[in-house]
Structures are given as C-alpha cells and as structure tokens.
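What follows is a short report on a single structure.
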Amino acid sequence: MELRCLWTACLCVAAAAAARWAPEPDQPFRIGDGWRSLGRLAPSEMLSLTFALRQQNVGRLTRLVQEVSSPDSAQYGRFLSLAQVQALVAPSSLALGTVHKWLELHGIRDCSAVSTMDFLQCQVSAGAAERLLPGAQFHRYVNGERSIARSPFPYTLNEELAEHIDFVGGLHRFPAERKVVSRAWTTQRALPRHGVLPTFHLGVTPAVVRQRYNLTDKDVGDSQNSSQACAQFLEQYFHEADLAEFMHLFGKGFPHRSSVDQVVGHQSRGSAGIEASLDVQYLMSTGANISTWVFSNAGRHESQEPFLQWLLLLSNVSALPWVHSVSYGDDEDSLSRAYMERVNVEFMKAAARGISILFASGDSGAGCRAISAGRHVFRPSFPASSPYVTTVGGTSFRNPFLVSAEVSDYISGGGFSNVFPMPSYQAAAVKHFLSLAPKLPPATYFNATGRAYPDLAALSDNYWVVSNRIPVPWISGTSASTPVVSGIIALINDRRLQHGRPPLGFLNPALYRLQDRGNSSALYDVTQGCHLSCLDATVEGQGFCAAPSWDPVTGWGTPNFPELLRALLG
Ligand SMILES: *[C@@H]1O[C@H](CO)[C@@H](O)[C@H](O)[C@H]1NC(C)=O
Ligand SMILES: *[C@@H]1O[C@H](CO)[C@@H](O)[C@H](O)[C@H]1NC(C)=O
Ligand SMILES: *[C@@H]1O[C@H](CO)[C@@H](O)[C@H](O)[C@H]1NC(C)=O
Ligand SMILES: *[C@@H]1O[C@H](CO)[C@@H](O)[C@H](O)[C@H]1NC(C)=O
Ligand SMILES: *[C@@H]1O[C@H](CO)[C@@H](O)[C@H](O)[C@H]1NC(C)=O
C-alpha cells in the first residue's frame with residue numbers, strides 16, 4: 001500500500017500538467033503465442049472492460065483470513081458468507097459514486113456489478129474506451145476462431161480515480177495457454193535402441209492413484225453438502241460422454257459418479273481437449289461420489305480474460321463448491337504488481353468464506369528468464385506464487401512399472417515469488433530447507449525472501465485420460481496432480497461435514513502446522529530428484545532439488561489419505 005502511494009506521488013509530480021495516473025506502469029504488452037493483429041478497431045466496435053474498484057478493509061480481511069484458517073485460533077473455521085464479505089470489502093460510496101459518474105459522463109451504461117460490488121464489467125465502444133482511458137488504442141487480435149480487442153499501449157486514468165481503481169482488465173493481458181505434456185516421445189527415446197516398444201505399461205489410472213494414496217473403496221463422498229470444482233480457461237471442451245466412458249473403463253472398484261452436477265460458463269460444441277478431460281476425470285476419481293462442478297469458457301469467440309471471468313464469478317455466487325482445482329498460470333514477470341496484488345485479495349475473499357483453492361505449480365520447473373546477455377534468473381509463476389492458494393507440484397514413480405515410492409518429476413514447478421513476501425506459516429519450513437539443502441542454485445537466481453511453492457504434490461506423470469471417447473496414455477503435468485490432491489481435500493471436507501465441522505478452507509496454515517511438528521505420516525516425503533530450469537545443460541540446467549521435509553520441488557510431499565484425514569479431521 002505504502003509503495004503504491006509513493007509511486008502515485010512520483011507519477012503525479014512527473015505528469016502534473018496532464019493530471020493522469022497509470023495504474024499498471026509495469027504491465028508489459030506481449031502478444032500471446034498464436035495470436036496475430038488485424039489492426040485497429042473502428043470507433044463503433046464494442047469491447048468489454050472490467051474495472052477492479054478499490055476495496056475497503058483489506059487489512060481487516062487479511063487478519064480475518066489468518067484467524068479463520070489457523071487451527072490455533074479461536075476463530076478457526078468461523079467462515080463468512082458472501083454477504084458478510086461484501087459488507088467488509090465493498091468499495092466506499094465515494095468510490096462507487098465517482099466511478100459511476102465517470103462512466104456515465106462517457107456515455108457508458110451497459111455495466112454489471114458483482115455481489116461484492118468491487119468489480120464492474122462494462123460493454124463499451126472502442127471510441128468511448130479510448131476517450132475513457134487516454135493512451136489506450138484498441139486493436140483486434142485473432143487466434144483461430146477466437147478474437148479479442150487489446151491495447152498495445154498503456155492506459156491512464158484521471159487523477160481523481162487513482163484512489164478508487166486498482167486496475168482495468170481487458171486491455172493488455174492475453175488469455176494464458178497451457179498444454180499438457182505428452183511424454184510418449186521421451187518415454188520411447190529412453191527405451192533400448194533396438195528394443196520393441198513394450199506392450200505392458202503401468203500408466204496412472206484411478207486405481208493406481210487410489211492405491212498409492214491409500215484410498216479404500218469406502219473412502220468416497222457420503223455427505224450431501226460436500227462439493228468440488230475444476231476450472232479451466234482453455235479453448236477446450238469438456239464432454240460428459242468422455243467422463244462416462246472414462247468411469248466405465250477405469251472406475252471399477254470404487255463407488256463414483258459419472259456425471260457432473262453443473263457446468264458453469266459458456267460451453268458450445270467442439271471436440272474435447274485432453275486437459276479439459278484430465279481435470280474432471282481425476283478430480284472425480286479421488287473425490288469420488290462428491291458433487292462436482294466444471295467452470296468452462298470454451299466456445300466464447302470474443303474471449304475476455306477467462307481467468308478474470310472466473311474470479312468475478314467467485315464474487316457473484318453465494319453457494320460455491322468448497323474446493324476448486326485450477327490448472328492455470330502466467331509468468332509473474334508478465335503481470336503488473338497491481339493486478340497480482342488484487343487477484344491475491346480475491347483469493348483472500350474466497351479463503352474468508354472457507355473455500356479451498358488449489359493451483360497447479362506449472363510444468364517448467366524453476367523456469368528461466370534471460371535478464372541480459374548470458375545472465376538468467378528463475379521465473380516464478382502466478383497464481384502458483386500467491387500466499388493464499390495451495391500449490392501442487394508433481395512426482396513420478398521411482399519404478400514406472402510398479403506402484404512404488406515417488407521421486408520428483410523434473411517438470412514440477414517450484415521456487416520463490418519475487419512479488420509476495422514469505423507468509424509466516426511457511427517461514428520455519430523454508431528456513432529449514434535453505435539451511436540444510438546440500439546444493440542450492442546460485443543465490444542470484446531466486447529471491448529467498450519470497451513466498452515459496454509448491455505446498456504439496458502428487459503424481460504428474462503417465463496418466464490415462466479419455467478424450468473424444470478414446471483412451472489416451474502418457475499424459476503428464478501438474479494439471480494432473482492438482483485435481484488428484486483437490487479430490488482428496490474434498491473427501492476430507494466430506495468427513496468433516498459429516499462430523500458437523502466446517503470445511504478446511506484455506507489449507508496452508510493447517511498443513512504447515514501439522515508438518516512442522518515433525519514425525520507426521522500424513523504426507524509421503526519426496527526426497528529425490530531435481531527439477532529443470534534454464535534449458536542449457538551447464539550449471540543452469542538444474543533448479544532446486546527435493547530434500548527431506550519441505551522443498552521447492554514437491555512441497556511437503558504426497559498425500560497418505562488415512563493419516564492426512566486423521567490429522568485434519570480436527
Ligand atoms: C452477477 O450476478 C447478477 C445476478 O445474477 C447478474 O445480474 C450480474 O450480471 C452478474 N455480474 C457479472 C459481472 O456477471
Ligand atoms: C499406506 O499404504 C502403504 C503402502 O501402500 C503402507 O505401507 C502404509 O502402511 C499405508 N499407510 C496407512 C496409514 O494406511
Ligand atoms: C454417495 O453420496 C450420497 C450423498 O451425496 C450418499 O447418500 C450415498 O450413500 C453415497 N454413496 C456411497 C456408495 O457411499
Ligand atoms: C447441509 O447444508 C444445509 C444448508 O447449509 C444444512 O441445513 C444441512 O444441515 C446440511 N446437512 C448436512 C448433512 O450437513
Ligand atoms: C524479492 O521479494 C521481495 C518480496 O518477497 C520483493 O520485495 C523484492 O523486490 C524481490 N526482489 C527481486 C529482485 O525481485
């Protein structure tokens with residue numbers, strides 16, 4: 001907050017004559033992969049803008065989240081309703097009045113708000129948008145069937161709006177793309193040169209996951225009030241028929257559901273995507289017999305920022321699933337600080353309501369960014385680096401042909417945020433890692449004072465998925481491990497609800513507290529293997545390595561359901 005005021009002051013001095021303010025001076029403009037420009041929009045063409053209005057009481061919200069999420073606190077589990085969150089954070093009437101007057105002055109009336117009143121989404125003509133946001137100039141970008149309007153130039157706001165708006169969405173950021181990794185190629189390469197491809201192949205199926213994490217056929221949902229969701233922001237369709245086929249092939253041996261209860265968002269016809277299938281098929285395999293929602297945005301030809309759309313939805317629906325599995329991420333350095341800080345507050349709002357949000361840690365290890373000739377740093381990913389989500393890394397079986405101990409998967413995303421300071425719940429765990437790790441990457445590569453991730457992990461290699469009615473092997477990525485862990489958390493919620501207890505909510509304070517005590521068998525500690533970072537094979541080839549207790553490749557390790565349940569049943 002202080003920093004933001006300081007910047008404002010500097011900018012205001014610099015631009016005193018114009019009395020303008022740039023909310024996101026550090027937001028880079030990068031055309032997303034696969035997008036190309038079709039030139040400037042005509043003034044009458046319509047586009048959609050999202051205004052993030054400044055909230056009140058963010059400090060109180062921060063303390064409240066700490067209290068309701070910490071098992072040591074008297075307020076543990078005393079979550080707020082959406083209406084109570086609204087009463088706490090809704091913008092002041094001055095902020096609302098100023099913003100509405102400003103929009104009206106520019107003839108903008110087609111707007112809708114969310115329940116918490118801190119987001120406003122408006123349909124605006126390009127001409128009006130350019131007058132509203134001096135500096136912005138809207139161009140059309142297309143990618144296949146998709147089309148969006150974006151401004152390659154930064155926008156500014158009237159100075160009087162500086163204290164009322166956090167950022168304006170729909171200008172610079174492109175929808176993030178994320179593809180699952182198929183390891184078929186690497187797996188084949190690793191085989192003996194003259195050998196024939198073996199016809200046997202373990203591959204991860206629901207039975208394998210359930211066996212490894214000690215789920216018996218009794219460990220399925222049994223409470224009407226437990227619920228879970230996965231959110232996908234790709235141009236990928238989710239197909240009920242694939243889920244039914246998957247459960248038919250792989251769902252033997254445990255009671256489960258074969259259909260989702262609610263698909264939220266746009267879904268038109270098209271062929272199914274592997275990632276869209278993966279999430280829901282494995283969420284419903286560990287979180288078996290639990291009511292499941294899918295958030296989807298496939299088929300919106302005028303794509304906005306689908307991730308932002310999901311965030312708005314969280315603030316606009318009072319009865320949401322308790323657990324959300326999200327496989328999505330952007331490089332921290334591709335986003336403005338104002339945007340990330342505000343998204344972080346959105347996660348706090350969800351935490352205050354008792355909602356658990358789990359993000360995939362990413363599939364590029366520590367990542368790699370060139371900062372000057374020959375100089376590199378690691379590249380943290382957001383929202384994986386948010387201190388208010390639970391981040392899930394990846395592992396593989398030490399012996400790929402047996403349900404055996406796990407080692408870290410070299411793709412498992414992990415590292416330290418350059419934006420968010422380390423939250424207190426993980427300080428002891430990370431300090432332990434940093435002081436005992438046998439070989440750390442050079443200190444110039446990462447920021448040891450930042451939020452460290454992931455928090456825990458699960459298998460991320462060699463999954464079977466049904467897509468377009470066909471079983472597909474060798475699917476890999478932390479977008480596989482995240483729904484596996486999310487389903488297990490939903491199952492623990494299910495047992496808590498049956499015992500009349502509130503759901504777990506934001507998990508990290510309880511998770512680190514449990515593990516910090518030592519000799520916990522709630523998670524299998526993964527202690528072997530390193531993840532990748534910069535691609536050339538010198539010193540930069542390697543990021544962090546797994547180690548006893550917490551580490552920035554696999555977090556605390558992978559779930560052992562019966563023990564984790566015992567520890568978290570409360
Ligand atoms: C929020 O929900 C209300 C009521 O369902 C709806 O009218 C409004 O358009 C929604 N807001 C957004 C931004 O979608
Ligand atoms: C979990 O399963 C492993 C082997 O699959 C077994 O060694 C262990 O005892 C089990 N743990 C619990 C708590 O059931
Ligand atoms: C599945 O869940 C429902 C509640 O949603 C419960 O009534 C039913 O008994 C469960 N089935 C099994 C096999 O546990
Ligand atoms: C489920 O939730 C409803 C509404 O919140 C509540 O009235 C009911 O008692 C809950 N049922 C169980 C079994 O927890
Ligand atoms: C390191 O992280 C802290 C907060 O976690 C931040 O204030 C600082 O700017 C970061 N340093 C770099 C070099 O990014």
Side-chain angles (χ1 to χ4, degrees), residues 1-4 6-7 26 48-53 82-83 86 110-123 169-170 215-228 251 253-259 261 264-266 284 287-292 295 297 300 304-306 308-322 331-333 335 337 340-341 344 346 367 369 371 375-380 382 385-387 415-424 426-427 430 442-453 490-491 493-495 497-498:
M1 271 303 157
E2 254 166 61
L3 198 59
R4 179 177 293 161
L6 258 162
W7 284 348
D26 54 339
S48 165
L49 294 175
T50 305
F51 300 91
L53 276 59
L82 181 59
Q86 189 250 309
D110 184 5
C111 297
S112 55
V114 296
S115 304
T116 46
M117 297 167 64
D118 45 3
F119 281 113
L120 206 54
Q121 198 156 56
C122 303
Q123 308 310 312
L215 292 153
T216 70
D217 59 357
K218 304 277 186 306
D219 297 320
V220 301
D222 201 16
S223 159
Q224 272 175 3
N225 286 358
S226 59
S227 50
Q228 57 190 4
F254 61 97
H256 58 264
R257 301 187 180 199
S258 298
S259 63
D261 281 338
V264 186
H266 196 276
M284 293 179 72
N289 195 38
I290 291 178
S291 170
T292 305
F295 293 91
N297 268 282
R300 273 181 74 106
Q304 281 310 311
E305 289 169 62
L308 200 51
Q309 215 60 42
W310 173 74
L311 275 185
L312 262 64
L313 220 131
L314 290 186
S315 284
N316 211 25
V317 176
S318 57
L320 281 176
W322 292 115
D331 299 327
E332 267 188 353
D333 60 274
L335 303 167
R337 184 173 277 267
M340 286 184 277
E341 283 180 350
N344 201 45
E346 298 307 306
R369 180 161 78 103
I371 47 173
R375 277 195 65 212
H376 295 90
V377 290
F378 293 157
R379 184 166 231 173
F382 179 82
S385 69
S386 162
F416 292 77
S417 175
N418 291 319
V419 175
F420 299 102
M422 186 178 299
S424 59
Q426 67 172 191
V430 179
T444 51
Y445 276 62
F446 67 101
N447 188 340
T449 64
R451 146 60 159 156
Y453 67 96
L491 204 48
N493 272 346
D494 183 280
R495 297 298 185 265
L497 292 168
Q498 283 181 50

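Position 1 is the first residue of the sequence; numbering continues from there. Ligands are counted one by one from 1 in listed order, and the atoms in each one are counted from 1 as well.
- Close approach of ligand 3 to Gly221 is summarised as follows: ligand atoms under 4.0 Å from at least one heavy atom of the residue are 1 (C), 2 (O), 10 (C), 14 (O).
- Close approach of ligand 1 to Ala113 is summarised as follows: ligand atoms under 4.0 Å from at least one heavy atom of the residue are 1 (C), 8 (C), 10 (C), 11 (N), 12 (C), 13 (C).
- Between Gln224 and ligand 3, no pair of N/O atoms sits closer than 3.5 Å.
- Contact between Ser115 and ligand 1 is absent, with no heavy atom of the residue lying under 4.0 Å from the ligand.
- The shortest side-chain heavy-atom distance between His256 and Asn289 does not fall under the 4.5 Å cut-off.
- Near Asn316, meaning under 4.0 Å from one of its heavy atoms, ligand 1 places the atoms 1 (C), 2 (O), 3 (C), 8 (C), 10 (C), 11 (N), 12 (C), 14 (O).
- Per-residue contacts place Val220 under 4.0 angstrom from the following atoms of ligand 3 (heavy atoms of the residue considered): 14 (O).
- Distances below 4.0 Å separate heavy atoms of Asp222 from the following atoms of ligand 3: 4 (C), 6 (C), 8 (C), 9 (O), 10 (C), 14 (O).
- Heavy-atom separations between Arg257 and ligand 3 include at least one value shorter than 4.0 Å.
- Between Phe416 and Asn447, the closest heavy-atom pair is CB-O, 3.1 Å.
- The shortest side-chain heavy-atom distance between Asn344 and Phe420 falls under the 4.5 Å cut-off.
- For ligand 5, residues of the protein lying within 4.0 angstrom by heavy-atom distance are Asn418, Phe420, Pro421, Asn447, Thr449, Gly450.
- In this structure, the side chains of Val419 and Ser385 stay at 4.5 Å or more apart for every pair of heavy atoms.
- In this structure the side chain of Gln228 never reaches within 4.5 angstrom of the side chain of Asn493, judged on heavy atoms.
- If you number the atoms of ligand 1 from 1 as listed, the ones under 4.0 Å from a heavy atom of Ser112 come out as 9 (O), 11 (N), 12 (C), 13 (C).
- Residues Arg257 and Met284 are in side-chain contact: their nearest non-hydrogen atoms beyond the backbone lie under 4.5 Å apart.
- Numbered from 1 in the order shown, with element, the atoms of ligand 3 that lie under 4.0 Å from a heavy atom of Pro255 read 13 (C).
- Side-chain atoms of Asp333 and Arg369, non-hydrogen and from C-beta on, do get closer than 4.5 Å to each other.
- Partners of Asp219 according to the side chain to side chain donor-acceptor pair (under 3.5 Å) rule, which considers only residues two or more places apart in sequence or in another chain, are Thr216.
- Residues forming a side chain to side chain donor-acceptor pair (under 3.5 Å) with Gln121 (at least two apart in sequence, or on another chain): Thr50, Gln309.
- Not counting sequence neighbours, Ser318 has no partner by the side chain to side chain donor-acceptor pair (under 3.5 Å) test.
- A donor-acceptor pair shorter than 3.5 Å cannot be found between the side chains of Asn225 and Ser223.
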